[in-house]
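Every chain is numbered from 1, with letters handed out A, B, ... down the list of sequences.
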Amino acid sequence: ETGVTQTPRHLVMGMTNKKSLKCEQHLGHNAMYWYKQSAKKPLELMFVYNFKEQTENNSVPSRFSPECPNSSHLFLHLHTLQPEDSALYLCASSQLRGGSDEQFFGPGTRLTVL
Amino acid sequence: GQQLNQSPQSMFIQEGEDVSMNCTSSSIFNTWLWYKQDPGEGPVLLIALYKAGELTSNGRLTAQFGITRKDSFLNISASIPSDVGIYFCAGRGNYGQNFVFGPGTRLSVLP
């Protein structure tokens, strides 16, 4: 049990759909992250939230829109995606400012864009 | 930007053999993390290293923080079938900076 949950685990969507990915962490951490994992490529950091404030947006296209309503929940809203956006989307959390900052990952959402 | 290289990219070993893999960087890092990822799952943290030269064990796994601070090593002793997976290293500079992840080493264990 990692303490970080993600739903749904699998998602198939068309290019015109709108969907959202959800992440919840039960570790009391204050930072949350979205990563994209594509085949044969290193993990790509997409967004960072620190104390609910977005501190990083790694040149991610606007068709990906994050939301962090509180320090335990993180969403990734998807719209008008492209087939090349198909990947495993991983959420992670860590404790910044006063704690060890190792990142703990959820199980991921496998996204397929048709 | 910063990049990490992992070697080897993949390896096939017999059950019971020891495994060694490494991670190298062009930049100095102050923290190294090692993760294992099973198919269809997220990476699971195995070992965290915070000091140059540090050697840390977690069961049959041992990781070392290289003294140059530009590399790290992971060893697995007496491999078993459940060791199969992809092993990722991650490193970062100062506390609070983002981690950079390596491309992974894919381990296969033959019975």
Check the hydrophobic clustering (I, L, V, M, F, W, Y; side-chain heavy atoms under 4.5 Å; chains of links allowed) and say if [X] and [Y] are grouped together.
X	Y	answer
A:L78	A:F75	no
B:L74	B:I13	yes
A:M46	A:L74	yes
A:L21	A:L81	yes
A:F47	A:M32	yes

If we only count heavy atoms from C-beta on, is the B:P43 to A:L90 side-chain gap below 4.5 Å?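 When only atoms from C-beta onward are counted, A:L90 and B:P43 do touch, with a gap below 4.5 Å.
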Please examine the side chains of A:D101 and B:F99, heavy atoms only from C-beta on, and report whether any two atoms are closer than 4.5 Å.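 Yes - at least one pair of side-chain heavy atoms lies under 4.5 Å apart.
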If you draw a 6.0 Å radius around CD1 in B:I67, do more than 12 non-hydrogen atoms from other residues or ligands fall strictly inside?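 Not buried by this count: 12 neighbours or fewer within 6.0 Å.
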Quick check: are there more than 12 heavy atoms from other residues, nucleotides or ligands sitting under 6.0 Å from CD of B:E15?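 Yes, CD of B:E15 has more than 12 neighbouring heavy atoms, counting only those of other groups under 6.0 Å.
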Are the charged groups of B:E41 and A:R110 less than 4.0 angstrom apart, N to O?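 A:R110 and B:E41: not salt-bridged.
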Identify which of B:G42, B:P103, B:A90, B:G40 forms the greatest number of heavy-atom pairs closer than 4.5 Å to chain A.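 The option with the most such pairs is B:G42.
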Between A:Q37 and chain B, with a heavy-atom cut-off of 4.5 Å, which part of the residue counts as in contact: side chain, backbone, both or neither?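 A:Q37 touches chain B through side-chain heavy atoms alone.
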Please look at B:Q6 and chain A and tell me whether the side chain, the backbone, both or neither of the residue comes under 4.5 angstrom of a heavy atom of that chain.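 No part of it gets close to chain A.
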B:R92 versus chain A, heavy atoms under 4.5 Å apart: side chain, backbone, both or neither?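 Looking at B:R92, just its side chain touches chain A.
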Evaluation steps, ring-ring contact (aromatic ring centres under 6.0 Å, His included), between A:F105 and B:F101: CA-CA 13 Å; A:F105 286 86; B:F101 285 80; 5.8 Å; yes
Would you compute the distance between atom CG of B:N98 and atom OG of A:S94 and round it to the nearest 0.5 angstrom?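 Between atom CG of B:N98 and atom OG of A:S94 there are 9.0 Å.
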Closest heavy-atom contact between A:Q103 and B:L33?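 Scanning both residues completely, I find the closest heavy atoms to be N-CD1, 4.2 Å.
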Is it true that B:Y35 and A:E102 share a donor-acceptor pair across their side chains at a distance under 3.5 Å?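 Side chains of A:E102 and B:Y35: no pair found under 3.5 Å.
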